[in-house]
Every structure is written in C-alpha cells, then in structure tokens.
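Notes follow once the structure below has been shown.
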Protein chains: 2
Amino acid sequence: MARTAGSHSDITGPRVREAALRLFARHGFAAVSMRQIASEVGVQAGALYNYTPDKQTLLFELMRNHMNELLAAMRPDPAGSPSAQLDGFVRFHIAFHHARPDAVFIAYMELRNLEPENFATIEALRRQYETVLEDILCAGVDAGLFDVADTKVATLAVIAMLTGVTTWFRPDGRLSLGDVQDQYCQMVTRLVGAPGGSV
Amino acid sequence: MARTAGSHSDITGPRVREAALRLFARHGFAAVSMRQIASEVGVQAGALYNYTPDKQTLLFELMRNHMNELLAAMRPDPAGSPSAQLDGFVRFHIAFHHARPDAVFIAYMELRNLEPENFATIEALRRQYETVLEDILCAGVDAGLFDVADTKVATLAVIAMLTGVTTWFRPDGRLSLGDVQDQYCQMVTRLVGAPGGSV
DNA sequence: CTTGGATTTAAACGGGTGTTCAGTTAAATC
DNA sequence: GATTTAACTGAACACCCGTTTAAATCCAAG
C-alpha cells in the first residue's frame with residue numbers, strides 16, 4: 001500500500017469535479033470535452049478516468065451531490081408555525097441557490113443529458129425537496145392560515161419563482177440578497193393568501 | 001427562372017427548421033448534429049446549407065422567430081384596467097407558451113450557445129417582453145391598485161413563475177389549461193397586492 | 001426537347017470526440 | 001536502497017463533427 005499520504009488523488013479528484021462543474025455550467029454538458037476538463041485541471045484526458053468511470057457519471061455525481069447537499073441543508077424548524085416555516089424556506093432557497101450558481105444551473109439545465117436511470121434518481125430527489133415546501137403549505141392550509149386552491153400547483157409556482165432569482169440576481173447590483181429575500185417573502189406570503197401580506 | 005413552383009425549397013426549408021426545433025429542444029443544441037437534422041428531413045447534411053449559413057444561425061433564427069411571434073401575439077388591451085391587463089397577461093403567457101413547448105425550451109435553455117451578438121439580440125427581445133408586464137405593474141401601482149415593493153423584481157418573479165408551468169403541465173393531467181390559468185391568475189393577483197385576491 | 005438554374009448528393013476536409021491501455025514516473029513502505 | 005503501486009502520460013482506437021465543393025439530378029420555361 002504505497003502513496004496513501006502524499007497521493008495526488010486527494011487533490012486531483014476534487015479539482016476534476018470543480019472544473020467539470022464550472023465548465024458544464026458555463027458551456028453545457030455536451031459542449032464540454034473531457035480534454036477541456038483535463039486541461040483545466042492540468043492533466044491529460046486519460047487521467048480523469050481514475051476519478052470517474054465515464055463522462056455521464058461525472059455529470060450525474062455532480063447533480064446528485066448537489067441535490068443531497070440541498071436536502072441535507074434544508075431542515076425546516078418543526079416547532080415553527082407554517083408562516084414561519086414558509087418564510088424560512090423562501091430565505092433558505094434563495095441563499096442556498098445563490099451560493100452555488102453553477103450547481104444550480106446544471107441541476108436544472110442538464111437533466112435531459114442524463115440517462116434514464118440517472119434521471120429518475122435526480123428527479124426523485126427533486127420531488128423530495130418539493131415535498132418539503134408542499135408539506136408546509138398543507139400544514140398552513142390545515143391550520144386555516146393559508147388559502148391555496150391547489151398545494152401542488154402553488155408549490156411548483158413558488159419554487160419556479162424562487163429559482164428564477166439565480167438568473168438575474170447579482171450581489172453588486174441595486175439590491176442586496178437580504179432585500180431580495182425580504183421581497184420574495186412578502187410576495188410568497190401574499191401568494192398563499194396568508195395574513196400579514198396585505199397592504 | 002426555373003423551378004419556382006415545384007421547388008422543394010418551399011417544403012424543405014420549413015422542414016429543416018421544424019426538425020432542428022424539435023431536436024434542439026429534445027437533446028440540446030450542442031448534442032444535435034447537422035447530420036441528425038438532415039436525416040430527420042430525409043436529406044444529406046450538405047443540403048441544409050441551402051437554408052442556413054451555419055448551425056449557429058439556424059439556432060439564432062429559431063429563437064428570434066419565437067421571440068418575435070411572442071411579442072407580436074402579446075397585445076395588452078390599452079383600454080383595460082391594470083388588473084384586467086395583468087389577468088390577460090397571465091392567461092396569454094400560459095397559453096402561448098403551452099402551445100410551443102419546444103420553442104420555449106430552446107429560448108430559455110440555449111441562450112448560452114448563442115454568439116455574443118446573437119445573444120444580445122435575443123436578450124433585447126426578452127427584455128422587451130418583460131417590459132410589457134412591468135408597464136402593467138407600474139400602471140397598477142400608479143393607480144393605487146397594486147402594492148408592489150419593486151416592479152422589476154415582481155416582473156421577474158411573475159414571469160419565472162409562469163414559465164415554470166411548461167415544465168410540469170400536461171393536458172391529460174389532473175388539471176385543464178383553464179384551471180391552471182385560473183389558479184395562476186389568483187396567485188399573481190395576490191402576489192401584487194391587488195384587491196379581489198383575498199380569501 | 002433542350003436549356004439553365006435551383007436543389008441535392010457524395011465525398012472529402014481538417015479536426016475533435018470519449019475511452020482504453022501499455023508504459024513511465026514518483027512517492028510510501030519495508 | 002529495493003520494492004511496490006497509485007498516478008499519470010501519450011498514443012492510439014474507431015468514430016463523429018461542421019462545412020465545402022464538384023458533380024449529378026430535377027423540373028419549369030422557352
């Protein structure tokens with residue numbers, strides 16, 4: 001068992017994933033070659049295959065990793081009221097996605113480049129995340145706090161609205177991330193017909 | 001001037017664009033080859049160059065065409081109230097986008113595959129469309145009908161929310177297109193703090 | 001029926017693709 | 001210092017890429 005301590009694989013492995021994430025987000029999975037990724041890492045193309053069985057799996061692992069991090073980070077306070085939970089969800093979604101623009105971009109844009117089996121896995125994780133929000137909405141409706149015609153539709157509407165932030169928000173722009181979070185909280189609060197959202 | 005009547009170009013041209021639209025939407029611009037498009041049309045790859053100078057322009061024309069159609073079809077009733085105009089915008093956006101899923105997909109997903117000049121053109125058209133909605137929101141705020149903290153943010157939030165419909169709505173599903181339009185109208189009405197959106 | 005231009009083919013161009021693998025390098029263990 | 005083995009190179013594999021071009025085909029007009 002040689003080269004366990006000073007091994008480069010501890011360094012090269014993450015660097016491969018970082019380069020792939022950045023390049024896939026920037027140019028798209030199909031438009032990026034293994035040689036481009038390798039060149040970014042400072043290695044020959046063949047060396048990448050020490051870290052991934054193939055290009056498809058490299059994409060899949062990036063997406064699965066992102067979704068797992070998302071689900072792990074999202075822990076709604078079970079003691080909070082539905083309104084507080086909804087508020088927390090909105091702020092969390094905006095902040096978490098803003099911190100990982102490349103991973104977000106890939107997770108939403110490269111789904112069609114996944115093989116069916118991999119697609120199903122990512123899709124399941126995505127639905128799991130949506131369920132977190134839907135449960136909050138259902139709890140609010142049950143408590144008579146929210147007025148939502150269809151919690152499934154409202155869930156998808158809110159998530160689409162929140163995810164859209166990543167396409168235009170720039171930290172050096174007119175509004176701070178906190179401003180944006182505040183505004184979206186108000187809009188979502190009103191959207192679900194919760195009290196406290198009126199004029 | 002021979003072959004003006006029985007010319008194939010009247011037939012092949014549209015067929016090229018249809019095939020490209022479908023394939024680009026399904027697999028992504030970078031993942032689709034000119035030979036695939038040609039094969040779909042029933043022609044050799046070289047024949048495509050009678051109808052487009054290159055692959056990039058083919059994509060660009062599809063996107064520009066879609067945006068132009070979108071802007072031409074979007075004519076808010078200048079006599080209507082801001083609330084009625086907003087309602088009309090929501091219903092129009094959902095219906096128009098649902099009728100052209102492939103073009104919508106391309107217009108939102110393939111922006112990064114456009115060369116800078118082409119990107120700027122499409123981006124300008126997109127902003128033109130957003131301005132239609134923002135003007136409605138501004139009119140509503142000026143009339144004291146809407147309560148919106150930031151019309152730009154609200155515009156982007158509403159459009160992201162509406163466009164998201166195309167990713168999940170299926171006409172053979174639980175809800176009809178009309179149901180979805182109704183629900184989004186209510187959610188948007190509440191989101192902008194307009195009267196008539198409360199419980 | 002010939003003509004001439006629109007339309008398409010077939011082949012070629014230079015270059016890039018994902019992936020494999022024998023061989024080289026270099027670091028950790030004995 | 002010899003041995004072991006993870007890490008990497010460099011070349012090759014078979015194939016696909018967008019685009020160009022000369023030649024063939026097709027068909028309305030004269």
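Every heavy atom of this structure was used, including side-chain atoms; hydrogens, water molecules and symmetry mates were not. Naming convention: chains lettered A, B, ... in sequence-line order (proteins, then strands); numbering from 1 in each chain. For clarity, every value in this text was computed on a predicted model and none was experimentally measured.
Partner assigned to D:dA12 is C:dT19, using Watson-Crick or G-U wobble distances below 3.5 angstrom.
Partner of A:Arg17 under the side-chain contact (heavy atoms from CB on, under 4.5 Å) criterion, out of A:Thr12, A:Leu62, A:Asn65: A:Leu62 alone.
Residues A:Ala31 and B:Gly42 each lie close to DNA chain C; by heavy-atom proximity, the contact nearer the 5' end of the strand is made by B:Gly42. Of the two residues contacting DNA chain C, namely A:Ser33 and A:Pro53, the nearest-nucleotide position lying further toward the 5' end is that of A:Ser33.
As rounded to whole Å, 3 Å separates atom P of C:dT19 from atom OH of A:Tyr49. Rounded to whole angstrom, the span from the CD atom of B:Gln56 across to the P atom of D:dG18 amounts to 13 Å. A straight line from CE of A:Met34 to P of C:dT19 spans 6 Å, rounded to a whole angstrom. Going from atom CD of B:Gln44 over to atom P of D:dA23 covers 19 Å, rounded to whole Å. Summarising the geometry, the separation between CD on A:Glu115 and P on C:dG18 is reported as 14 Å, rounded to the nearest angstrom. Between the NZ atom of B:Lys55 and the P atom of D:dC16 there is a distance of 15 Å, given to the nearest Å. Distance, B:Ile11 CD1 to C:dT8 C1': 14 Å, rounded to whole Å. The NE2-P distance, from A:His27 to C:dT17, rounds to 12 Å in whole Å.
Side-chain N or O atoms of A:Ser39 include none that pairs as donor or acceptor with a backbone N or O of A:Arg35 at under 3.5 Å. Formation of a donor-acceptor pair under 3.5 Å by the B:Gln56 side chain with backbone atoms of B:Glu115 is found in this model.
In terms of phosphate contacts, B:Tyr51 brings a side-chain nitrogen or oxygen within less than 4.0 Å of OP1 or OP2 of C:dT8. B:Thr12 has a side-chain polar atom (N or O) that falls below the 4.0 Å cut-off from OP1 or OP2 of C:dT8.
With hydrogens and angles ignored, a donor-acceptor pair closer than 3.5 Å exists between the side chain of B:Arg35 and the base of D:dG18.
Among the protein residues, B:Val41 comes within range of no part of the nucleic acid, since none of its heavy atoms lies under 4.0 Å from any strand.
Checked by atom type, the side-chain pair A:Asp179/A:Ser176 shows a donor-acceptor distance below 3.5 Å. Remark: the A:Asp54 side chain and the A:Thr57 side chain contain an N/O donor-acceptor pair separated by less than 3.5 Å.
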